[in-house]
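Structure, as structure tokens:
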Amino acid sequence: MKKLVIVESPAKAKTIGKYLGPDYEVLASVGHIRDIPTPKDLPADMKKGPFSQFAVDVNNGFTPYYAVSENSKRTVADLKRALKEADELYLATDEDREGEAIAWHLYEVLKPKVPVHRMVFHEITKDAIEQARDNTREIDRSLVDAQETRRILDRLYGFEISPVMWRMVGRGLSAGRVQSPATRLLVDRERERIAFVSADYWDLLATVGTDSQPANQFHAKLVRLGGAKLATGNDFADNGTVKSSARVLTETEATTLVNAMREPATTVTVASLETKPHTRRPFAPFTTSTLQQEAVKKLKFSARQTMSVAQRLYENGYITYMRTDSPNLSVQAMNAARSQAIKLYGEDQVSEKPRIYSGKSKTAQEAHEAIRPAGDVFRTPDELSSVLRGEELRLYDLIWKRTVASQMADARGQTATVTLAVDAPASPRADFVASGTVITFRGFMNAYDETSDEDRNAQDAQEDSKLPSMTEGQALVLADVESKGHSTVPPPRYTEASLVKKMEEIGIGRPSTYSATIATILDRGYAVMKGQALVPTWIAFSVTRLMEQSFGDLVSYEFTSEMEDDLDKIANGDADWRDWLRQFYFGHDSHRGLKDSAENLGDIGRAGRKAQGVSAGRHAPG
DNA sequence: CAGTGAGCGAGCTTCCGCTTGACTT
């Protein structure tokens, strides 16, 4: 007789099967096996009655009706068959809320007659697996409660509010705990853009040098005039007014100054010279969210495409699991990254101590490690260039570089900043500034030599060039000075990358759903792609306004993180899940529940209709 | 008598999160 082990993913089952040997059969549940069906998929005798609206009986303890999903029927049959041949059952689904629930559903559906163990592990290595097998526990009922609460809440939210959208806005529309705030992000940003008032300001750009040789020249920007700081884009509010005490230079003033400075009597002297060390740390290894962001930005993949390419890499054993919220590397992976970096770039380019990265997302569940090349010895992109093609190779390359770089040394260099005093006839004193960074030690940049977009923009502003050597008090040659006009620009629209980043920040959605949520927003017609930008449509505006008016709490950006706090209480046994759902759905004290909000759409004008409805309403048959 | 049209009623749309194929374009 064998022992049956059930994990979530078939690829994982294969690896673990190898570690556990012939006494164990390892199969996969392939994700969730049961779910709450939509009401139209309920058995005929349940279509009328307490389950008809949600497939959850809200009047009887929020009892959910579960059914084995169509796609899982074969899997369940296979598992049942295997269980008959087994004398023990190990439920080895992921150690997070969803994984615990899958274990419980497996238990409910398989009805095992043999001893059952709940087994959890964080790393897929022989040691970790064997240790997990020898240290099992029971299914954590409170954690399952928390998952069911989450699931039921999402059903109530979606299926109570979507019909409101059909009535008020258009057929086929939808609302949900994740998609509605995500849509609202797009709408809020568009509102900011519409309300935005552009402002114009000017500054001067001088070309100066230690002599008139072009090689010894550099550009410097006017930053202070007569002791007052000159306004830049950051000094303007969104309504076009100046929000600081900075001085705004007009075109006329700029032209007058340029003309004065072009007089031969103008002198330029080095007022101060400062050199500061510059260091940059490598980025953390990829999580789902950061992988999507980088692939969208650097490879021009869509979020969905990124996931499907990563899936292929995972299934063929090239990378670790691609749906994760943890940037942590296993000890083996850390060693693999370090020894590969030492071999390729030299020992001095690698950080002295292993770098450990921790997740910053408060809603992270961290059931998996970071996305990285698979194995205890990483294969380089070059080694794989004959087996991997196009997209797959490019994504592997990105993952490999990021992982190796994450264990390398900081890049170091110096940033020199020089302040120049420009004295022109009949003009206030003008201070110009130039700075240049020189990287003297590349460290992680050997592997991952790419700066983030923010840095690139910052560099545009101050042309990152090497400065010639100078001393304080030195007189410089002014080769040219010109005025430059600028206009403030509204905040940019979200791209897939920046939306995923924002969603992770406020804790809505999960690694397995980021790309699906964006697809939903596009499918519903809430947004259209314009280049890389997600542009909200008028439908999104209508839906968001309706949500804000009638379900303000539910589209607040804090709703999910507050829900997570409450689910934690349920998971710890400090709160009752039925009480929680009751308050959410039926309300309590002064707080309107979801049901009341949906039925009386926050419109005082409808109060009369409500009263009429109640008096004319039929009572339950007696 | 056949074709038209008003009026009525039934059926449909929808959530999030976990995991892969089996489908079509």
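On a predicted model such as this, the values are computed, not experimentally measured, just so you know. Letters go in sequence order (proteins before strands), and every chain restarts at 1.
- At the phosphate of B:dG21, neither OP1 nor OP2 sits under 4.0 Å from any side-chain N or O atom of A:Arg312.
- Checked for salt-bridge contact, A:Asp94 and A:Lys12 meet the test: a charged N lies under 4.0 Å from a carboxylate O.
- Figure legend: A:Arg189 and A:Tyr494 shown as a cation-pi pair, the cationic atom lying under 6.0 angstrom from the six-membered ring centre and within 45 degrees of its axis.
- Residue contacts shown for A:Gly31 include a base, since a base heavy atom lies under 4.0 Å away.
- A:Ala516 comes within contact range of no nucleotide atom at all, as no heavy-atom separation falls under 4.0 Å.
- Of the candidate nucleotides B:dG17, B:dT13, B:dC15, B:dT13 has the atom lying nearest to any side-chain atom of A:Arg171.
- At a threshold of 4.0 angstrom between heavy atoms, the contacts of A:Thr38 include nucleobase atoms, whether or not backbone atoms are also involved.
- The structure places OG of A:Ser72 at 9.5 Å from CG of A:Asp35, a figure rounded to the nearest 0.5 Å.
- Taking atom CD of A:Gln179 as the reference point, atom P of B:dG17 lies 11 Å away to the nearest angstrom.
- In this structure, A:Lys73 pairs ionically with A:Glu70, as a charged nitrogen and a carboxylate oxygen lie closer than 4.0 Å.
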Note to self: Pair A:Arg118, A:Glu100 - check salt bridge (charged side-chain N to carboxylate O under 4.0 Å, His left out), show working.
What the structure shows: CA-CA 9 Å; A:Arg118 173 77 173 108; A:Glu100 202 70 18; 2.8 Å; yes
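- In terms of phosphate contacts, A:Thr513 brings no side-chain nitrogen or oxygen within less than 4.0 Å of OP1 or OP2 of B:dC16.
- In this structure, CG of A:Asn71 is placed 11 Å from P of B:dA22, rounded to the nearest angstrom.
- Using modelled atom types, one finds a donor on one side chain and an acceptor on the other under 3.5 Å when comparing A:Ser174 with A:Arg524.
- Residue A:Arg74 contributes atom CZ, which lies 11 Å from atom P of B:dG21 at whole-angstrom precision.
- Distance CZ (A:Phe551) to C1' (B:dT14): 13 Å, rounded to an integer number of Å.
- Comparing A:Gly172 and A:Val30 against DNA chain B, the residue whose closest nucleotide sits nearer the 5' end is A:Gly172.
- For DNA chain B, the residues of residues 144-166 of chain A within the heavy-atom distance limit of 4.0 Å (strictly under) are A:Arg150, A:Arg151, A:Asp154, A:Arg155, A:Gly158, A:Phe159, A:Ser162, A:Pro163, A:Trp166, sorted by number.
- Ionic pairing of A:Glu160 and A:Lys595 is not present here: no N-O contact between side-chain nitrogen and carboxylate oxygen is shorter than 4.0 angstrom.
- Note: CG (A:Leu106) to C1' (B:dT19) measures 12 Å, nearest angstrom.
- The side chain of A:Arg177 lies closest to B:dG17 when the candidates are B:dG17, B:dC15, B:dT19.
- What separates CD1 of A:Ile6 from P of B:dC18 is a distance of 19 Å, to the nearest Å.
- Candidate nucleotides B:dG17, B:dT20, B:dT14 were compared by shortest atom distance to the side chain of A:Ser9, and B:dT20 ranks first.
- Using a 4.0 Å heavy-atom criterion, one finds that A:Tyr321 contacts the sugar-phosphate atoms exclusively.
- For the pair A:Leu554 CG and B:dC15 C1', the interatomic distance rounds to 13 Å; values are reported in whole Å.
- Cation-pi contact between A:Arg582 and A:Phe62: absent, since separation from the ring centre below 6.0 Å together with deviation from the ring axis within 45° is not met.
- Nucleotides of DNA chain B nearest to A:Glu8 and A:Arg524 differ in position, and the one nearer the 5' end is that of A:Arg524.
- Atom pair A:His32:NE2 and B:dT20:C1' shows a separation of 14 Å (rounding to whole Å applied).
- Comparing atom distances between the A:Met322 side chain and each of B:dT20, B:dG17, B:dT13 picks out B:dT20 as nearest.
- If you check B:dC18, B:dC15, B:dT13 against the side chain of A:Arg510, the one that comes closest is B:dC18.
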